[in-house]
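Scroll down for the structure; my scribbles are underneath it.
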Amino acid sequence: MSTFSTGAASNAPDTGAVKELLTMMSATLATLGKTFDTLTEQSTRVATLGPQLDSAHQIHQLRRQMRAQEKKQDARINEVKAMVKDDLKLQIAELLRAQIVEDVRDEIKRQVADEVQDQLKQRIPVSVETQAAESSQQLRDVRTSLINSESRRGNAILRASNLDDQLAVILKSTGEPSKYFPLDLKTLFSYDNETAKKLVQDYDLPASESREKNLNKFMAHAGVQFHLIPVPILADP
C-alpha cells in the first residue's frame with residue numbers, strides 16, 4: 001500500500017470546539033477581573049475607614065490582613081491561570097488527536113478502496129456490463145442455433161408435391177426472422193428477382209443476379225432438400 005501524509009489543513013481542530021474553548025477562557029478572565037475589582041473596593045474601603053480608626057495599631061492590623069488577603073487572592077489567581085492553561089493545552093491536544101485519528105482513518109479507507117479497485121481491474125479486466133452483454137449474445141446465438149436446427153429438420157420433409165405446407169421459421173443472426181421470410185414454398189416461388197435477392201442478403205448469404213440461384217440458396221439454408229430447376233423458354237418455331 002502506498003504511503004500518505006496529512007496536510008496542515010486536515011490537522012486543524014474543529015473550529016466550533018476552538019471557539020468554545022476561547023469562550024471558556026473569556027469567562028475565566030472575566031471572573032479574574034471581578035476579583036481584581038473586589039480587591040480594589042476593599043482597598044478603597046480601608047482607606048476610607050482610616051481616619052475613623054482609634055489607633056495606629058488597628059490600622060497596622062488591617063494592613064496586615066489586607067496583605068495576607070492579597071497574597072491569598074494572588075495565589076488563587078495563579079492557580080486558576082495555571083489550571084486554565086493546562087486544561088486548554090489538554091483539550092486542544094485531545095481535539096487535535098481526535099481529528100488526526102479521523103483523518104488517518106479516512107485516508108486508509110480511501111487507499112484501501114483504491115487498491116481493491118486496482119486489483120479487481122487487474123484480475124477482472126472485462127467489466128461486469130461487458131461480460132453480461134457477451135453472455136446475452138452467447139445465449140441468443142445458442143437459442144437461434146437450436147431453433148434453426150429444429151426448423152431445418154421440419155423443412156427437410158417438404159417436397160414439390162406439398163408446396164402449400166408451411167415453412168418452419170429460420171432465424172437471422174439477430175435472433176429474429178426476416179421480414180421477407182415466405183409462409184410456404186409456393187409463396188417463395190412467386191418472389192421476383194429483387195425480393196429473392198433481399199431475402200438471401202437478409203440471412204447474410206451471398207446474393208446472385210439469378211432469381212433461381214437465390215431461391216435455391218435460401219431453400220438450402222432453410223433445410224429444404226430439393227432445388228428449383230429453371231425451365232428454359234423455347235422460342236416459337
Task: Any donor-acceptor N or O pair under 3.5 Å, side chains Asp184, Thr187 - done: yes
Open item on the list: Less than 3.5 Å apart, any donor N or O on the side chain of Asp192 or Thr195 sitting next to an acceptor on the other?
Closed with: yes
Is any side-chain heavy atom of [X] less than 4.5 Å from a side-chain heavy atom of [Y]?
X: Thr144; Y: Arg140; answer: yes
X: Val224; Y: Leu167; answer: yes
X: Lys217; Y: His221; answer: no

Once you round to the nearest 0.5 Å, how far does [atom1] of [X] lie from [atom2] of [Y]?
X: Leu228; Y: Asn214; atom1: CG; atom2: CG; answer: 11.5 Å
X: Phe181; Y: Ile170; atom1: CZ; atom2: CD1; answer: 5.5 Å
X: Glu150; Y: Asn148; atom1: CD; atom2: CG; answer: 11.0 Å
X: Glu209; Y: Lys197; atom1: CD; atom2: NZ; answer: 3.5 Å
X: Ser178; Y: Leu171; atom1: OG; atom2: CG; answer: 11.0 Å

Task: Identified side chain to side chain contact (heavy atoms under 4.5 Å, CB included) partner of Leu215 from the options Lys213, Glu212, Arg211 - done: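 The passing option is Arg211.
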Task: Minimal non-hydrogen separation, Pro177 against Val169, with atom names - done: CB-CG1, 3.6 Å
TODO: State, to 0.1 Å, how close Asn193 and Ser208 come at their nearest heavy-atom pair, and which atoms those are.
DONE: OD1-O, 4.3 Å
Task: NZ/Lys172: more than 12 non-hydrogen atoms of other groups inside 6.0 Å - done: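 Counting neighbours around NZ of Lys172, more than 12 heavy atoms of other residues, nucleotides or ligands fall under 6.0 Å, so yes.
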Task: Co-membership, hydrophobic cluster, residues Leu188 and Leu163, 4.5 Å side-chain - done: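 As far as the 4.5 Å side-chain criterion goes, Leu163 and Leu188 are connected within one cluster.
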Task: Same apolar cluster (I L V M F W Y, side chains within < 4.5 Å links), Val200/Phe226 - done: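 Shared cluster, yes.
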Task: Test item: Tyr191 side-chain N/O and Leu199 main-chain N/O as donor-acceptor pair under 3.5 Å - done: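 It does not hold such a pair.
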Open item on the list: Between Gln166 (side chain only) and Asp164 (backbone N and O only), is there a donor and an acceptor less than 3.5 Å apart?
Closed with: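 Not at all, since once roles are kept as given, no pair shorter than 3.5 Å links the two residues.
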Open item on the list: Can you tell me how the ring of Phe218 sits relative to the ring of Tyr203, calling it parallel under 30°, perpendicular over 60° and tilted otherwise?
Closed with: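 Ring orientation, 0 to 90° scale: tilted.
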